[in-house]
Amino acid sequence: MKDMPKVYDHESVEAKWYEKWESSGYFHAKPNPEKTPFTIVIPPPNITGKLHMGHALDNTLQDAIARYKRMAGYEMLWLPGTDHASIATEVKIVEALAAEGLTKKDVGREGFLKRAWQWREEYGTTIVKQLRKMGSSCDWDRERFTMDEGCNRAVVKVFKSLYDKKLIYRGDRIINWCPDCKTALSDAEVEYESQQSHLWHIRYDAPDKSYSIIVATTRPETMLGDTAVAVNPEDPRYKDIIGKTVVLPLVNREIPIVGDEYCEMEFGTGAVKITPAHDPNDFEVGRRHDLPIIKVFDERGTINENGGAYQGQDRFECRKNIVKDLEASGNLVKIEDYTHNVGTCYRCHTTIETIVSKQWFVDMKPLTEPALEAVRSGAVKFIPDRFSKPYFNWMENIRDWCISRQLWWGHRIPVYYCDDCGGTFCEETAPEKCPICGGKLRQDEDVLDTWFSSGLWPFSTLGWPDKTEELDYFYPTTTLVTGYDIITFWVSRMITFGMEVMKKPPFANVYIHGLVRDSQGRKMSKSLGNGIDPLEIIEKYGADPLRFSLVTGNSAGNDMRFYWEKVESARNFCNKVYNAARFVLMNIPEDADTHIREELLDTADKWILSRLNEITRSVTDNLEGYELNLAAEKIYDFIWSEFCDWYIEMAKSALYGEDLDRKQTVCAVLIRVLSVSMQLLHPFMPFITEEIYQQLPGHEETIMLSSWPKAEETDKYARECAAMEIIMELVKSIRNIRADLKVPPAQRISVRIVSEKPEELTGTEGYLLKLAGVEKTDISRERGTVLKSDVHLVCNGAEAFIPLASLVDLEKERERIGKEIERVQGDIARANAKLSNEKFVQKAPEAVVNEERRKLQNAADMLQKLQQRLQTLQD
RNA sequence: GGGGUUAUAGCUCAGCUGGUUAGAGCGCCACGUUGACAUCGUGGAGGUCAUUGGUUCGAUUCCAAUUAAUCCCACCA
């Protein structure tokens with residue numbers, strides 16, 4: 001007999017096992033030479049550090065899969081992803097920031113910039129995606145990780161190899177530029193604001209004034225950089241003048257009129273001025289028509305030497321002056337009010353400029369073909385499969401990838417320039433001096449896109465380009481777990497680089513999960529303040545309930561909303577499991593004999609063992625198919641609804657009885673069922689299952705090293721299961737009728753059961769007594785004398801008569817039977833309709849037809865009994 | 001504009017390759033503390049499976065269209 005508290009204490013149990021597992025080296029274990037299943041790297045199930053929920057989900061699924069696979073004898077690698085790894089380094093950086101007294105305002109300023117570069121030296125190559133976000137305060141996004149020198153080597157090596165193959169090139173590209181912060185911004189960093197402005201209509205005249213064209217623009221100052229006017233080639237208004245020129249007012253530069261589809265006839269005047277240097281669309285048009293690119297702004301947003309008379313003016317001041325001058329020259333035709341979206345810097349809300357600059361690109365086409373083939377051939381499988389669609393869509397329409405970023409942190413592009421002779425060199429290690437003229441070299445200031453190095457993650461983290469044991473063993477891995485939001489950014493690039501560098505895909509399966517949203521379905525974000533700290537959940541309800549609530553109640557790839565109620569109900573399940581175990585442990589002797597002697601098993605024992613076998617099979621199948629939610633829900637239902645609600649209740653009569661053999665048998669069955677249940681549940685609730693498992697007799701070793709339960713193929717107790725079905729149905733019916741007739745719980749009743757095979761129900765009387773408040777029961781084949789005052793229950797395979805003379809209202813009883821008859825007649829009608837349909841009988845599979853016949857037979861039997869009973873009541 | 005996803009009980013969601021009396025959790029109603037558990041038990045109410053067509057003996061499930069949400073990409077002179 002054990003003395004255990006009534007309520008499960010998650011805190012102490014989690015702390016205990018966390019510590020034990022950690023000291024046993026079960027976390028972050030290195031592969032060992034024997035390549036045993038132990039080599040799987042397991043992340044702590046507890047979540048350390050403050051993570052966003054999305055990451056917690058990732059961790060949780062990753063971990064649940066790893067645990068299952070390990071117990072099932074699989075091997076799997078879990079490595080910290082880009083989001084989780086080097087919290088320590090981040091803390092260092094942020095602390096350093098704070099120590100410097102740097103705040104949000106300093107970000108982007110000289111002082112910060114200097115420090116940032118210094119840190120980059122100091123910490124080696126630390127990738128920080130959008131470090132400026134981090135610099136804003138100590139409350140930062142966790143979207144960064146540290147690469148050790150080995151990873152840096154990998155990055156440089158891959159870059160050089162692509163460079164040498166001429167798959168990396170330098171080209172012009174339009175980027176977003178904040179003139180205030182003086183940095184480039186990614187598209188994601190640009191926030192659009194609706195602004196009240198104007199649409200200025202400006203007339204550009206022909207050199208000889210024989211024709212003119214009116215363009216509409218929201219940004220008249222950019223006309224200084226115009227190099228063409230575009231019209232739609234189909235536009236009848238302008239068809240004739242395509243190929244001719246007009247003179248740019250104020251500047252007096254002659255520019256061509258080009259025909260381009262981009263220009264919509266309906267918008268404005270149907271003519272667009274083209275400024276390739278300062279507008280992404282114009283840039284594309286310029287490229288198609290081979291137009292010159294004239295930059296008119298400098299990095300501060302003031303007009304440069306190309307602006308002629310306007311040089312040195314601020315861009316907004318210049319706009320006013322230009323408008324004024326155009327008005328004076330008579331070229332300004334009209335001013336319309338106009339509301340449009342203007343890109344602003346997410347940080348300082350300065351209107352951004354788009355300017356042309358030199359960037360590095362990867363020519364993706366030759367690289368994507370093998371990566372596409374890897375998925376087409378099934379070497380890499382997305383789970384669920386539908387996520388291969390966006391992958392194909394992205395890869396088949398791949399564009400050249402701009403990999404240079406104007407950030408302060410990251411792997412610097414390994415390209416060196418000689419200012420003396422103008423040479424450009426890509427080298428793995430920085431050359432001392434120019435190999436051509438011996439001049440001084442200057443490394444490219446830009447860093448690589450985060451995803452470039454992240455794409456190398458499957459092998460760079462394992463030591464490539466060295467031939468390491470880890471690499472040999474863990475490349476490729478089994479499964480990648482990640483969210484659908486980074487399929488194109490990350491997954492596609494890992495596969496691409498994997499095929500290019502390793503000639504093999506990095507993993508066989510990609511398990512895609514959704515995002516955790518708040519209870520209103522919004523993405524959790526810092527700016528909304530609706531993020532939930534997993535540690536808070538763990539503290540309140542425990543790590544097991546958190547994990548369980550994240551795995552259940554939604555299917556792969558779908559987003560889920562976070563509800564405290566859900567965690568609470570998972571916590572309740574924990575308590576249920578704990579109390580079931582408590583019951584078992586309190587009732588078994590210390591030295592319990594766990595051997596199950598088959599000859600001593602009764603109907604209920606055989607039923608629960610049979611159910612256990614079935615659940616083992618289906619949980620295993622679901623896990624194999626990555627249907628984690630179904631697996632978790634099935635073991636949940638089994639434990640709660642079958643083991644606790646039925647078997648434990650039925651076990652009590654044996655446990656409290658005198659028969660020692662029965663007692664031993666029931667104990668052994670209880671232990672077996674509980675132990676296997678814990679194994680099946682363990683991937684989803686690691687702590688509580690470990691705790692219970694090791695308290696059961698004969699389990700000194702961690703549950704993590706036990707092998708996954710194996711289901712038997714045959715269902716050898718089918719007969720007992722059928723009998724149990726009858727018993728359970730009877731119990732439910734009796735409970736129902738008691739509730740209906742308001743029989744007080746304390747009042748015992750007697751029941752007479754009539755069955756065609758009474759021998760199969762023999763030995764189960766005790767269960768009726770225990771579960772349905774029955775004090776006397778009698779099972780026989782004969783119907784005997786039925787009294788009017790007997791309540792009559794009919795179920796599949798048995799009838800029950802309950803003498804409740806004082807309580808039965810004959811009228812109501814007739815009504816009840818009448819309703820039953822109606823229901824059964826409905827069943828009969830439904831089955832008949834199907835069976836009388838010739839085509840159904842002809843075309844439906846035999847099993848389905850037989851099932852329908854069986855239903856009809858059952859219903860007919862019941863109908864007959866019910867009618868007989870009704871007859872009795874009416875006599 | 002291109003490509004996805006979703007629509008099932010009051011709420012949040014399951015339902016694998018078409019055949020179920022359509023399920024769960026939470027919430028709601030009634031009853032209940034007999035010795036695992038009130039973080040519990042027993043019973044109950046609640047759904048025309050978004051709409052319309054089609055395929056089929058049979059559609060919540062497959063196909064098409066519609067409507068409404070939503071995401072990614074491209075773009076908004």
Review point. Sequence neighbours excluded, which residues qualify as ring pair (Phe, Tyr, Trp, His ring centres under 6.0 Å) partners of A:Y511?
Key: A:Y626

Point to revise | Identified pairing partner of B:C57, criterion: Watson-Crick or G-U wobble below 3.5 Å | key: B:G19

Review point. Using a cut-off of 4.0 Å on non-hydrogen atoms, how would the nucleic acid contact of A:I487 be classed: base, sugar-phosphate, or nothing?
Key: nothing

Point to revise | Donor-acceptor contact present, side-chain A:K566 to main-chain A:S549, <3.5 Å | key: yes

Check your understanding: Below 3.5 Å, does any donor atom in the side chain of A:E649 face an acceptor in the base of B:A36, or the other way round?
Key -> yes

**Study point:** Separation between the C1' atoms of B:A14 and B:A9, rounded to whole Å
**Key:** 13 Å

Check your understanding: Under the salt bridge (charged side-chain N to carboxylate O under 4.0 Å, His left out) rule, what pairs show up with a residue in residues 618-628 of chain A, not counting sequence neighbours?
Key -> none

Point to revise | Pairwise P distance, B:U17 and B:A64 [rounded to whole Å] | key: 16 Å

Revision key, fill the gap. Considering only heavy side-chain atoms of A:S555, the closest of B:A14, B:A36, B:U39 is B:A14

**Study point:** Non-neighbouring partners of A:N832 that pass side chain to side chain donor-acceptor pair (under 3.5 Å), sequence neighbours left out
**Key:** none

Exercise for review: Take atom CG of A:N587 and atom P of B:G35, then tell me their distance rounded to the nearest Å.
Suggested key: 13 Å

Point to revise | Separation of atom CG in A:N176 from atom P in B:C75, rounded to whole Å | key: 11 Å

Review point. Which listed nucleotide (B:G43, B:A36, B:U39) is nearest to the side chain of A:V7?
Key: B:U39

Point to revise | Strand partner of B:A30, provided both Watson-Crick or wobble distances fall under 3.5 Å | key: B:U42

Point to revise | Rounded distance in Å - NZ (A:K634) to C1' (B:G15) | key: 10 Å

Which atoms of nucleotides 44-46 of chain B (N or O only) lie under 3.5 Å from a protein N or O atom, and what are those distances?
| residue | atom | partner | partner atom | Å |
| --- | --- | --- | --- | --- |
| B:G44 | OP1 | A:N736 | OD1 | 3.4 |

Review point. Out of B:A36, B:A14, B:A74, which nucleotide sits closest to the side chain of A:R399?
Key: B:A74

**Study point:** A:W564 ring center within less than 6.0 Å of A:F562 ring center
**Key:** yes

Review point. Using a cut-off of 4.0 Å on non-hydrogen atoms, how would the nucleic acid contact of A:F489 be classed: base, sugar-phosphate, or nothing?
Key: sugar-phosphate

Check your understanding: By salt bridge (Lys or Arg N to Asp or Glu O under 4.0 Å), which residues pair with A:E775, not counting sequence neighbours?
Key -> none

Study note, to complete from the structure: Residue pair A:V841/A:K732 against RNA chain B: nearer the 5' end by closest nucleotide is A:K732

Check your understanding: Whole Å only: how far is the CD atom of A:Q842 from the C1' atom of B:G58?
Key -> 14 Å

Practice item. Write down the distance between CH2 (A:W451) and P (B:C73), rounded to a whole number of angstrom. Key: 12 Å

Check your understanding: In whole Å, what separates the P atom of B:G1 from that of B:U61?
Key -> 28 Å

Revision key, fill the gap. Letter by letter from the 5' end, nucleotides 17-29 of chain B scores (B base, S sugar-phosphate only, - none; protein heavy atoms under 4.0 Å) --BSS---SS---

Exercise for review: Have a look at A:R561 and say if it touches a base, only the backbone sugar-phosphate, or nothing, with a 4.0 Å heavy-atom cut-off.
Suggested key: sugar-phosphate

**Study point:** A:E624 CD to B:C16 C1', straight-line distance once rounded to whole Å
**Key:** 14 Å

Point to revise | Results of side chain to side chain donor-acceptor pair (under 3.5 Å) for A:T689 - residues two or more places apart only | key: none

Review point. With sequence neighbours left out, which residue pairs that include part of residues 641-654 of chain A fulfil the salt bridge (charged side-chain N to carboxylate O under 4.0 Å, His left out) condition?
Key: A:R611-A:E642, A:E649-A:K652

Exercise for review: Using modelled atom types only, decide if a donor and an acceptor are shared between the side chain of A:N579 and the backbone of A:R582 within a distance under 3.5 Å.
Suggested key: no

Exercise for review: Counting Watson-Crick and G-U wobble pairs only, both distances under 3.5 Å, name the nucleotide matched with B:G1, or none.
Suggested key: B:C73

Practice item. Find the distance A:K576:NZ to B:A38:C1' and express it as a whole number of Å. Key: 11 Å

Review point. Would a distance-only check, ignoring hydrogens and angles, find a side-chain to backbone donor-acceptor pair under 3.5 Å from A:D279 to A:T275?
Key: no

Practice item. Identify, with sequence neighbours excluded, every residue that meets side chain to side chain donor-acceptor pair (under 3.5 Å) alongside A:Q857. Key: A:D861

Can you check nucleotides 4-8 of chain B for protein contacts, nitrogen or oxygen pairs under 3.5 Å, and list what you find?
| residue | atom | partner | partner atom | Å |
| --- | --- | --- | --- | --- |
| B:U5 | OP1 | A:K389 | NZ | 3.2 |

**Study point:** Nearest-angstrom distance, C1' atom, B:G15 to B:U60
**Key:** 9 Å

Study note, to complete from the structure: Scanning all shown strands, the Watson-Crick or wobble mate of B:U67 with both distances under 3.5 Å is B:A7

Practice item. Return the set of residues passing side chain to side chain donor-acceptor pair (under 3.5 Å) with A:Y647 (not counting sequence neighbours), or none when no residue passes. Key: A:D605

Check your understanding: Would A:E729 and A:K732 satisfy salt bridge (charged side-chain N to carboxylate O under 4.0 Å, His left out), going step by step from the backbone distance to the final call?
Key -> CA-CA 5 Å; A:E729 214 183 316; A:K732 280 188 217 163; over 6 Å; no

Point to revise | Of the listed nucleotides B:A36, B:U42, B:C73, the one nearest the side chain of A:D645 | key: B:U42

Study note, to complete from the structure: Rounded to whole Å, the CD1-P distance (A:I639 to B:C37) equals 18 Å

Review point. Can you tell me if the side-chain N/O atoms of A:Y656 get under 4.0 Å from OP1 or OP2 in B:A36?
Key: yes

Review point. If the C1' atom of B:U8 is compared with that of B:A24, how far apart are they to the nearest Å?
Key: 13 Å

Review point. What is the pairing partner of B:U12, taking Watson-Crick or G-U wobble pairs with both distances under 3.5 Å in any strand?
Key: B:A24

Residues 630-637 of chain A, side-chain donor-acceptor partners within the protein, below 3.5 Å, at least two apart:
| residue | atom | partner | partner atom | Å |
| --- | --- | --- | --- | --- |
| A:E633 | OE2 | A:G553 | N | 2.8 |
| A:K634 | NZ | A:N622 | OD1 | 2.9 |

Review point. Counting any heavy atom closer than 4.0 Å, what does A:C574 reach on the DNA or RNA strands: base, sugar-phosphate only, or nothing?
Key: nothing

Review point. Can you tell me how far P in B:G25 sits from the matching atom in B:G44, rounded to whole Å?
Key: 14 Å

Review point. Between B:C37 and B:U21, how far is it from one P atom to the other, in whole Å?
Key: 38 Å

Study note, to complete from the structure: The answer to which of A:R517 and A:E633 contacts RNA chain B further toward the 5' end, by nearest nucleotide, is A:E633

Point to revise | Nearest-Å distance once atom C1' is located in both B:A59 and B:A50 | key: 16 Å

Exercise for review: Tell me, please, whether A:W401 has A:R493 positioned over its six-membered ring: NZ or CZ under 6.0 Å from the ring centre and within 45 degrees of its axis?
Suggested key: yes

Exercise for review: May I ask you to say what A:K6 touches in the nucleic acid, namely base, sugar-phosphate or nothing, with a heavy-atom cut-off under 4.0 Å?
Suggested key: sugar-phosphate

